[in-house]
Structures are given as C-alpha cells and as structure tokens.
Participant: 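Okay, handing you the structure first.
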Amino acid sequence: MVTMEGSTLRFYPEGELTIYQVEETLKELKGFLPEAKEVVIDFTVTDKMDTAGFQLFVSLTKSTKASGQECCVDGVGGSVENFMALFGYEWDAQCKGEL
Amino acid sequence: MSSGMNFSDIAKEFREESLELLEAMETSLMSIRENGMDDEMINAVFRAAHTIKGAAGMYKLDFVVGFTHIAENLLDQVRNGKIEMTDELGELLLECKDHMQNLVEFAVATNNEEAPTTELTDTTARLGEALCTTLGEEMHHHGGETSKAAIEVCADKNWTMKLSFAREVMEQGFEPASFLAHLRKNSTAFESHVDTSAVPLMEELEPTACYVTFDISFTTGLSREDILDVFEFIRDDTTILLSEAVAEVKPAALAQTANKEEPKKISAQSANTQVQAQNAYTIRVDAEKIDQLINQIGEMVIANANVVQQSIDMKNGELIESVSIVSRMLEDIRESAMQIRMVQIGETFNRFKRIVMDLSKKLGKDIELVIKGAETELDKTVTEKITDPLVHIIRNAIDHGIEMPSDRGSKSAKGTLTLNAYHDAGTVVIEITDDGKGLDDEMLYRKAIEKGLIEEGAHLSQQEIFKLILEPGFSTAPAVTDLSGRGVGMDVVKRNIEALRGNIEIKSRVGEGTSFIIRLPLTLAIIDGFLVKVGETFYVIPLDMVVECIELSDREKEEMHGNNYINLRGTILPLLNVGDLFDEQKTADARANIVVVHYAGRRYGFIVDELFGEFQTVIKPLGKIFADLHGISGSTILGSGKVALILDVPMLVSYILSFKGGSDEMKSA
C-alpha cells in the first residue's frame, strides 16, 4: 500500500481506504514521507473510499506541497472517482496534470 | 394496493398517534382562526401533517401519503408566509384534517388491504384540487384514472445548504458521505463542493476527526422538514444553513438561484432547543398497562391494610411504626399512579370549538364558545366517557337553546356558550351554560303528559320538570334536524353520566339561558375514604366529601322530635339515618354519630354508629346481583378481610331531597 522506490513514495491503497485503514496508513506515510522527493498516488486498485480516507489523501497532498515535494495522482478507479464527484472535489492542478 | 408488511401489528398505535396529531392540528387551526396567525401554531399544524405522512409512508399507505403530501406542501407555503392564511383556507384545512382522519381510519379498518372507497377517492380529488388551486399548482393523478387518490404534486424546489459536521461525527459512527449520498439520491439535481481548507498536514491529522465542510446546491421535492430529517440523528452537533429559492426552477436551471431568502440557520443551539422540547413531550403508554399498575397498587393497598391490622393486634410499637411508614409510602405511590391517569379537561373542551364553529355556521347562528377551567384535571377514563355526553349537550344548546340572531331581542345577537370545569369536594363539576331562550317548564310539563311520561296533575318540582328532557323519547324540537331533536341523546347523556357515578342538574330561566351541571367522581379506581360502622356493617364515605363528625347527644335526639334534621350551629342540617335506610340491626349501646358531608354546595348529615377514620379505599364494583341496590356505589376489602360498602353520596343526597318538603327546606337553609 505504501512503498519507497528510490526517492519516490508510492501510495496505492488496495481494496478499501476507509476509517478502518487510515490510522495504520497514516503511520506508514509519516514514516516514509521525510525521505521522499516525489509522491505518486494510485487509486486504480481502491474499491472504496470514505471521508477519513479522503482526508488522508488531502492531508498527504497538502503535506507534500508544504515541504516542496512533488505529488501526482497516477490513476483513479471508478469508486474513488464517484466519491470525489459526490464531494465535488476539484483536483489539485499539479496532480491533475499528471492524470 | 400494496400492503405494509407489518401494518396490522402497528395499526392501533398508528391510529392513536395519528388521531392525536390530527387533534393537535385541529386545535392549532382553531387557535389561528380565533387569535390570528401564529408561527408556533402553523408549525404545529405542519408538523402534524408531516409526521402523519412520514408514518403512513413507512407502511405504504399510499393514499394517505399522497393526500397529506399536498396539504403539507400548502402548509409549508403558509408558514413561510408565501400564502396568506385566511378563514376560508382555515376551513379548507380543517376539512382536509377530517379527510386525513377518514383515510387513516379506513387504512386501519381494512389493514391497508383494500383500495379506498369511491367516496374517499372523490373527496381526495376534490380537496386535492382545492389545495392545488390555492398552491397554484397543477394536480397530477398518479397511476392513471384507476388511482385518483394517489396524487403527486410536482413541487421540486431549489435549495442551497452549507453543511458543517461536528469534528467527532465519524467517531460516533456516522459517515458524512452517506448524508450527501442520501440527499443526492432524493434530488433531481445535485452539486456539491467540498471545502478542505481545515484538513491539517499529516503531522496534525487525527484520522477519525472530520475536517471537511460542504456547499451543496440541489433540487428536490422534499420539504424542508424532510431535508432536515436526513440529519435527524446528528442535528445537535451539525450546523446546517439551508435556504430555498423562491421560484420553482427546472433542474437544469440550478445555477439560477436568485431571489433567495435569508438562510435559516439550524444551529446547534436551536437544534438543542428542539431536542429539549421533544424530550419534554410525553411517553406513550398503553392504557391497559396503567390500569394493570393501578389494580396491582389496589391489591397492595388491601394487603397492606391487613398488615396494619395485624401489627395493631400484635401491639408491637416498632412494627406499627414501620408499617405506618410503608403505608405512607404506599399512599404516595398510589397518588403518583393515579396522577398518571389524570388529564386536563381542556384537551376535551378544545375539541368542541370545531363543533361550535361548524354547527353555528350551518344553522346561521353566531355563537362564541367561552372555556373556563381548562386546566382542571380528571381521570382519563372519565374524560373519555364524558366526551360524547358533552357533545350531545352542546349540540342541543346550539340547536335548541341559543336563538337565531334575529330572535334574541335585547340580548346580544351573538350567543355565548360557556364550558366551565372545577373541582368541588372530591368531584369534578362541568357546567355547560348557554344564554339562549331557556327551558319553559310549562311547555315541558305539557309535553311530558302528551308523551305519557307523567300523568296529568302530577306534582313535580321545577328541577324534576327540567329533568324530563333526560327521559328516553322526550324531544321538544318542533322539527327534527340532523343535529338533534330525535329524542335520542339526552337520555343516553343521563345514562352515561350515571354509569360514571356522576349526576346531572339543570338550571334554567326563560329568556336567559340554561345550565347543565354535571358532577363526576375524580377517579374510578382508588379513593381516600372515611370508614364508619352501622350495626354490623362497615361503610366508607369518600373523604373529600367529609366536612366534620359530631356526636349526636341524647338532648339533640329528643329535640329532633322524629324529624330528619338538626340545628347545627344555627343552620338546618338534613339527616339520613344510614342504619334505618339499610335495615341494620340496632345495638343498644351504640352511640349515634353524624358524619357531615358537603355535596353540590350544601351540607348533609349521615347518622352512623362508630367512626374509624381515614381509610385508603380500593373501589371494587358490586356484582350484577346488586345492580338495583341504590345508595351503594361499590365495595372494598378491609385489612381484616371483611367487606365494606362505599356509600353513594350523590344518590343518598337525592334520597334526602326526595323527602317531603326536603327540597324546600334545603333552600330555606
């Protein structure tokens, strides 16, 4: 779900990214993030997202921006797309460009 | 017709709740009619319609939902000030309330397994059209011609909402997205924008805290209440700013949200107020459970009386003390339990406002209803049983008592009907007074002879003549109307009141009006009694009626000279010898005591042998074999296991008054 490939942190939640996974995932992300120069997020294998998962994603993008790291979303599956549409989330221009 | 799966299980409860709400609706509509538009009242009317619709929807009572939905839409516009509340609209809404009641009754009677009758669907169509005309909307028949009752009104409105959840909403098990999804599902158009500015960096992120807020625009046929109901369980801690666009807008025109009214903030504070108001409301308990509780307490009172008796017999001071504490506590429990059954009579009186309005309009009379003593409390069972008799009396007063405006002579053209209730010596008195033409005793007397109720030349007091109108088959109305005048009703009134151990008195003056004075016992279950003994039999007199006890000295006995009264401190006190009345054996050494009772504004004395004092009395009905036994209203069981008879004071008083000249002596006293 969270891996480091060189200086790239890859975040690809498999299955669910909900309140039940967020705490553990947050710990992992916090552990890897300081070493990363770039963060790549991939939601193509994410079946379900909820508000807690969404906030984790937003917080991650904000954190990378604050520390000058690059961040992009590599792919989005139907479930996450629907969720984002329900919330009316406007993708960050920086990430959006990579989609 | 689809049937609610478990409707039969909840039909009774649904009916009771709906009727209660409909009653509240009527009361509020009548209040608006009398006192002008009032936000609280119109909200109460709206809430009643909304709740009935919601409950009917749960059990798929489509014809109730369809009709109530239109009324609810109209009420929503009225409370928002977009449609003016007029007398005509008030009457239309009252008619709708009646129709809702008929629909509910039909659904319950048929277990929602039958389609509404033609009469019901016709009324639905007629009233629905009238509502829609007022709404300025077109009525759409749902499901074609075969289902005229299922009416849907296309009343989609545009809404905007600012939504801010409590930080801990997710910890409480709620998922914010599900509320949005529900709204989207019930909207023809939905557009949301999430504000993530409050989401912190990862170092500060609390995984279960909610940071996001939303701006939502949507188009839906849901009412404001329906929308807010989506958030019912989290409303305390959620800030919802909901505003509605004035004009009906097609879904595509969502962006055109001009002319918006000021957002109505449902803040945590106001939501809390609502919750508190709901908490202060009542709990619905099956009346049978309360009856069961009171019966059990009654048995406890009897068992306790036995314990008291035994503790006295054992002459154990400490035990007597302990038992007396238990007795006091038991008395408190009994009081509290009886209090559960007590309801204010105003609830019943309020129902009559509508009757007075409808009947006076129908007859072309102008009648004002004045209600006094609405806060007077009475046993729920008594209240329920007295309603029909009161309706009869009120209908008669309007129909026969109060004259047409042109016939009222020097009196005000507007007639007055007064309902008054108050407590008096352990009884509740209900007075129904009109300022109409009054009862003509000569005419009543002649009529009674014609009807064969009395024989020509019979000597009757004025009160006895007035009471002839309570006899079966007695009607003085020259023409039988559909309101009254069939001679059935007033005799039923008398029978019902007597079945409640009450009595009825009539006062009237020609040209000035008539008063019906009904006296009823406060309760039918347990009373504080005063225990006495006559011969070998114990009797109980309701304590509330007892004023004092005096010993009848030999000198006073002599001064009586066989008369049935004594001079009590300068006042004539009529007496009844209970022992003589019930053929009790006289004991040679028995002292004569007089228990002075107060009833209907006068005092009377009952001669008894021994006085035992206060006694908690559980009223047990006498068997059918004693149905014709006058002067006894019931029995109770003493601690010793012996039976005591409860004296029926109203009946005994009327017996005293029936002595020759007794009535006149009362007046002079």
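Computed from heavy atoms alone, side chains included, the values below leave out hydrogens, waters and symmetry copies. Quick note on labels: first sequence line is chain A, next is B, and so on, each numbered from 1.
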Participant: Just wondering, do B:Lys162 and B:Phe214 contact through their side chains at under 4.5 Å, heavy atoms?
Facilitator: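 The answer is no, as the side chains (C-beta and beyond) never meet within the 4.5 Å cut-off.
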
Participant: Heavy-atom cut-off 4.5 Å, strictly under: side chain, backbone, both or neither for B:Pro200 against chain A?
Facilitator: backbone

Participant: With no hydrogens and no angle check, do the side chains of A:Thr18 and A:Gln21 hold a donor and an acceptor under 3.5 Å apart?
Facilitator: yes

Participant: Who among B:His193, B:Glu203, B:Glu175, B:Met202 has the most heavy-atom pairs with chain A under 4.5 Å?
Facilitator: B:Met202

Participant: Sort A:Ala66 into side chain, backbone, both or neither according to what part of it lies under 4.5 angstrom from a heavy atom of chain B.
Facilitator: side chain

Participant: Sub-3.5 Å donor-acceptor pair from the side chain of B:Asp76 to the main-chain atoms of B:Glu72, do we have one?
Facilitator: no

Participant: For chain B, which candidate among A:Gln55, A:Glu23, A:Lys30, A:Lys62 shows the most heavy-atom pairs at distances under 4.5 Å?
Facilitator: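 Top count of heavy-atom pairs under 4.5 Å with chain B: A:Gln55.
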
Participant: Would you mind checking which part of A:Leu26 comes under 4.5 Å of any heavy atom in chain B, side chain (CB onward), backbone (N, CA, C, O), both or neither?
Facilitator: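 For A:Leu26, the contact with chain B is made by backbone and side chain together.
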
Participant: For B:Tyr211, which atoms come within 4.5 Å of any heavy atom of chain A: side chain, backbone, both, or neither?
Facilitator: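 The answer is both parts of B:Tyr211.
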
Participant: Are B:Arg79 and B:Val45 side-chain neighbours, meaning at least one heavy-atom pair lies under 4.5 Å?
Facilitator: no

Participant: Are side-chain N/O atoms of B:Glu191 and B:Ser217 paired as donor and acceptor at under 3.5 Å?
Facilitator: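 Judged by distance alone, the side chains do not pair up.
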
Participant: Going through the checks in order, is the side-chain hydrogen bond (donor to acceptor under 3.5 Å, both in side chains) test met by B:Ser243 and B:Thr160?
Facilitator: CA-CA 5 Å; B:Ser243 59; B:Thr160 61; 2.6 Å; yes

Participant: Can you say whether A:Leu33 sits under 4.5 Å from chain B via the side chain, the backbone, both, or neither, judging by heavy atoms?
Facilitator: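 When you check distances to chain B, only side chain atoms of A:Leu33 fall under 4.5 Å.
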
